[in-house]
Amino acid sequence: MLDIATVRREPDRVRRSSDRRGIDPAFVDEILRLDAEYRSALAALERAQAEKNRLSSEIGRAEDRSAAAAELRPRLDALAKTIAGAQATVATLSPDEAGSPLRALLEESPNLLDASVPDGHDESANQLVRSWGTPREFTFTPRPHWEIGEALGILDFERASRLSGSRFSVLRGAGARLSRALAQYFLDRAVQRGYVEVAPPYLVSRHTMWSTGQLTKFSDAMFRDADAGLFMIPTAEVPLTALHAGEILDASSFPRKYAAYSACFRKEAGAAGKDTRGLMRQHQFEKVELVWLALPESSFEALEALINDAAALLEELGLAYRVIALCAGDTGFNAAKTYDLEVWVPSAGTYREISSCSNCTDFQARRAEIRLRREPTSKPELVHTLNGSGLAVGRTLLAILEHGQQADGSVVIPEALHPYTGFSRISPPG
RNA sequence: GGAGAGGUGGCAGAGUGGUCGAAUGCACUCGCUUGGAAAGCGAGCAGGCGCGCAAGCGCCUCGGGAGUUCGAAUCUCCCCCUCUCCGCCA
């Protein structure tokens, strides 16, 4: 959610950011107009309330309260009418009132972009930041992971679709083991890097989902149980970021770094026809998510650290990757700046997203009311939140299968995982 | 799912219609005291919003919402949550 105070103080900054995202900045003027209207209505209401409070306490102080009440009644009745009217006006204008036009505009506006975000409308304008490793040269035509996995008997999409429909998978034997090894490995490495491991709920309330900015009119691709009022998390970013919602945290505990393994659930309705085969895009997938609560002045340094934490995992696994800075038009609603981490996928002959790391600045913290206090006597201020995958389990598994495939159909497992898998190669049955 | 108890400031815990945004204690901040500290003493110390250059002034908030009343933390209704016991269950 945008800060009304920022719109007032720096409307040009808001206009520029919106324009760069491809959003008509006209709404800024609308916000300013509604806000001016709101504040004058609020001032009128507060004047009437102050008058009423004065009269009421006068009655409370009087010798003969009922006599005083009787005497002041006409003025109080008139004030009550004024107040009721003013309240109704304020309610329709207030930025704090759910459903008011001003509130709606503030909630629908995406986060302000950082100045370092490159211009551009779509992913073609994204910028390469750096790359690591070289894609493996094959002496044979590399097969896609679903063929490799099915031949090895470790991936089963046919039975998955009988169980649940399309975009589900069944992992079996060494495949299931490899998946578990990855999750365990990612978590262990995160803890070694100072993250606190968290096992969060996979179902969260509407309010929690709303508080992290997932419930906008632009994105409702989530599975949910309307009866219970619960949503299945599309990412552990939601419970991790909202973990300290409503709290005022001591600045000395910053930065706070959390890591959680979870299943994630997405309808992916907008992605029909894209990545229909394999593990790339599933309704249910697993991921280790990394979340930082950072001091405002150091959140962009934190973003660099976060993307490096995620990238280090790929280096340890020997998988070639590149880091991409998303352009303005490709940067998500919550984010001020986003880096994507893309891993080389041999069968596709290109890099594919395996992690997305974002600095959401104070945008999520404003809704979730996550604050910090610098000194015992200082005022609370909003924290900055960051999130990124470290990493997506299915996509990493996919990359390992394709990268490690051999001419004889077996797959060589990266050494870093051997302590977790207990095997160094997956060989065809028989 | 059934029965009961309860939700007040960072914490504990008073407050059952009127100078209560809230006693008291602890924690915390500043000052005095001290060689230094502790203790002691004094002052301060919730959050949000609006007006104001500022000092400051005002409004709102005692789980959330609606109501009664000139006036609600206190009374009424609805909802949410927590705890205890019972049932069920991995």
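To find a chain, count down the sequence lines: A is the first, B the second, and so on, and within it residues start at 1. Note that the structure is predicted; figures quoted are calculated from it, not measured.
Proximity of A/Thr212 to A/Arg367: side-chain heavy atoms (C-beta onward) are nowhere separated by under 4.5 Å.
Under the ring pair (Phe, Tyr, Trp, His ring centres under 6.0 Å) criterion, the residue pairs touching residues 410-430 of chain A are A/Tyr185-A/Tyr420, with sequence neighbours excluded.
The base of B/G71 does not come close enough to the side chain of A/Arg65 for any donor and acceptor atom to sit less than 3.5 Å apart.
Contact between A/Ala251 and A/Arg374 at its shortest, heavy atoms only, is CB-CA, 3.7 Å.
Between A/His283 and A/Phe223, the distance from one ring center to the other falls under 6.0 angstrom.
A distance of about 40 Å separates the C1' atoms of B/G21 and B/G36, rounded to the whole Å. B/U82 and B/G42 are spaced 43 Å apart, taking the P atom of each and rounding to whole Å. Spacing between B/G63 and B/U8 at atom C1', rounded to whole Å, works out to 10 Å. Comparing B/A38 with B/C32, their P atoms are spaced 14 Å from each other, to the whole Å.
Classified by interplanar angle (parallel below 30°, tilted 30° to 60°, perpendicular above 60°), the ring pair A/His244/A/Tyr258 is tilted.
OP1 or OP2 of B/C60 sits under 4.0 Å from a side-chain N or O of A/Asn53.
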Working for side chain to side chain donor-acceptor pair (under 3.5 Å), residues A/Thr338 and A/Ser358: CA-CA 4 Å; A/Thr338 298; A/Ser358 298; 2.8 Å; yes

Readout for nucleotides 45-52 of chain B: B = base within 4.0 Å of protein heavy atom, S = sugar-phosphate only, - = neither; 5' to 3' it is --SSSSS-

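Backbone-only contact: A/Leu76 has heavy atoms under 4.0 Å from sugar-phosphate atoms and none from a base. Residue A/Arg75 is out of contact with every strand shown, counting any heavy-atom pair closer than 4.0 Å.
Side-chain atoms of A/Tyr261 and A/Gln184 include no donor-acceptor pair closer than 3.5 Å.
Put simply, CD on A/Glu375 is 16 Å from C1' on B/G10, counting in whole angstrom units.
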Encoded 5' to 3' (Watson-Crick or G-U under 3.5 Å; [ ] crossing; | other strand), RNA chain B becomes ((((((((.[[[..)..(.....]]].(((((.......))))).((((((....)))))).[[[[[..)....]]]]])))))))....

